[in-house]
Asks: 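Structure incoming, see below.
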Amino acid sequence: MTNITDNSTFPNETYKDTVLEPLFEASKTGFADYHFRVNLAHAVMLAEQEILTGNQAKDILNALIEIEKNIDVPNLKYTGEVEDYFFYVEGELIKKLGGDLAGRLHTGRSRNDIDHTIFKMNLMDLSANLLTELNQLIATLLKVAEEGKSTIVLAYTHGQPAQPTTWGHYLGSFIEVLQRDVDRINNALRTVEMCSMGAAAITTTGFNLNRERMAELLGFACPLENSYGCISSIDYVTGLYSAMKVMFINIGRFIQDMAQWSSFEVGHLYVPNEFVQISSIMPQKRNPVPIEHMRLMASLSAGHCDTIINTMHNTPNTDMNDSETEVQSAGYEAFKSGSRLLRLLNDFSSSVQINEERVEKHINESCATITEIADSIARIEGLPFKLAHEIAAEMAKETIAKNSALTAFDYDFFCNIYKECCGGETKIDSDTLKEIASPGHFIAVRKITGGPAIPAFEASLKKYTAAAIYQSDENVNFFERLIKARETLAETVKQVTGEDN
């Protein structure tokens, strides 16, 4: 066998520049605080389990706290002397305590379980903030929907005017979707909220660790059961970003409607001056540019989520760098752009107004109430809907040909159409015909569950409001658990050290 000579030293300069230094920078900005808390919690737990003596734990904790106070993390430069931020902190600990005592902190753990734990801790914090902003948007939409429960708008299908409804009813559909998005994110978080500490490299350890205590001190709901899964499972990443992607897609569809409704040709949505930009050359332009930015943010955010999900595709079911610092950091961009989107959409939604005159004009031009005319004919006359539909279709043809409105339809002409189709006289008088052609009547009779009639929609609003309160309280409880864990850890450290750090 050929002898191999290797005089190289770690790290290779290119490897340092392209991988190790960027990862070190990412750890500084995204994970240093979580790494510090994991170290503190692990030392406390080792002491409680009598794996460390009280004095050993006290010395380690005091040294960790001193290191944390003295490190200027933002200005810390990667030199290549150590592999990563974990080894940097470990090196500082060894300088203070010596290898024997410092090395005891790493009892029963590995970078594998540490890394997945700090990734999850960061995701929990980011998600709590994202859910706060999402719940705020829902609260704003509920207020706007309540105010708009009588404001008539024109609903579209296949890009064409279809039927009248209300602004509140339309927003209700979006509120329902967003509340399902909250549920999807919360369901995904249940996997994130399972702590990986105690898995060590793969198979746990022979030391008598208390995994439940580690989970409690770090703000998790519980430990993740299977130790192999603790360091190999990445569904906590793919599940959360999948739920977020669905949310961004849903928001993007709503924004697309806002773009259509605010266009010059449609003009149903008035965008106030505070959200309008002008042209540098065309003085007549009122450009609702924030809509474009929101559409872009929604697409960018969904794209950031895709980056994570697609990176995980076909990776092995083991601990590997594909799921670690670099991709985790890339995923945080989804939270950044998503937060900007939710904040802007919140303000935008509460500021726009419906141009009711424009809506009425287009309802008249498009015969959008014709469905209710057919329904009313069937109900009043006792006719099959198919026959009533034929009568209404003839009315629509005549109305469009004369560029008129159904509310102004010639009553004698209606009687003739009815007689031709049914062979008899209609029971509908002229006032009734006008009433059943009106948008207000169209909406008022649609009072079954989920309809736009005020009683039905107010019942829906009560459900949405109750769900919003529950979801907001759920997020508050989530926040409180994360905060309590920080407080519990700090208090426990004080008890072990005997000092007010």
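Remember, predicted model here, so these are calculated numbers, not experimental data.
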Asks: Apply side-chain hydrogen bond (donor to acceptor under 3.5 Å, both in side chains) to Q328 and N122, showing your working.
Replies: CA-CA 9 Å; Q328 297 280 350; N122 202 352; over 6 Å; no
Asks: Under 4.0 Å between a side-chain nitrogen and a carboxylate oxygen: does that hold for E487 and R481?
Replies: no
Asks: With no hydrogens and no angle check, just 3.5 Å: does a side-chain donor-acceptor pair link D429 and T432?
Replies: yes
Asks: Has T369 got a side-chain atom pairing as donor or acceptor with A437's backbone, closer than 3.5 angstrom?
Replies: yes
Asks: Kindly assign one of parallel, tilted or perpendicular to the pair W167 and Y170, based on the angle between their ring planes and the thresholds 30° and 60°.
Replies: parallel
Asks: Checking side chain to side chain contact (heavy atoms under 4.5 Å, CB included) between R358 and each of E356, H362, E360, which is the one that passes?
Replies: H362
Asks: Decide whether a cation-pi geometry holds between K120 and Y236; the criteria are a distance under 6.0 Å from NZ or CZ to the six-membered ring centre and an angle within 45° of the ring axis.
Replies: yes
Asks: Should the ring pair H169 and F457 be called parallel, tilted or perpendicular, given that the plane angle runs from 0 to 90° and is split at 30 and 60?
Replies: perpendicular
Asks: Do any N or O atoms from the side chain of S472 and from the backbone of I469 form a donor-acceptor pair under 3.5 angstrom?
Replies: no
Asks: Is the closest side-chain donor-acceptor distance between R343 and N346 under 3.5 Å?
Replies: no
Asks: When you check the gap from the basic side-chain N to the acidic O, do D183 and R180 get nearer than 4.0 Å?
Replies: no
Asks: Taking the six-membered ring for Trp, are F31 and F119 parallel (under 30°), tilted (30 to 60°) or perpendicular (over 60°)?
Replies: perpendicular
Asks: Using atom types as modelled and distance alone, determine if a side-chain donor or acceptor of S242 lies under 3.5 Å from a backbone N or O of T238.
Replies: yes
Asks: Between R446 and D375 (salt bridge meaning N to carboxylate O under 4.0 Å), is one present in this structure?
Replies: yes
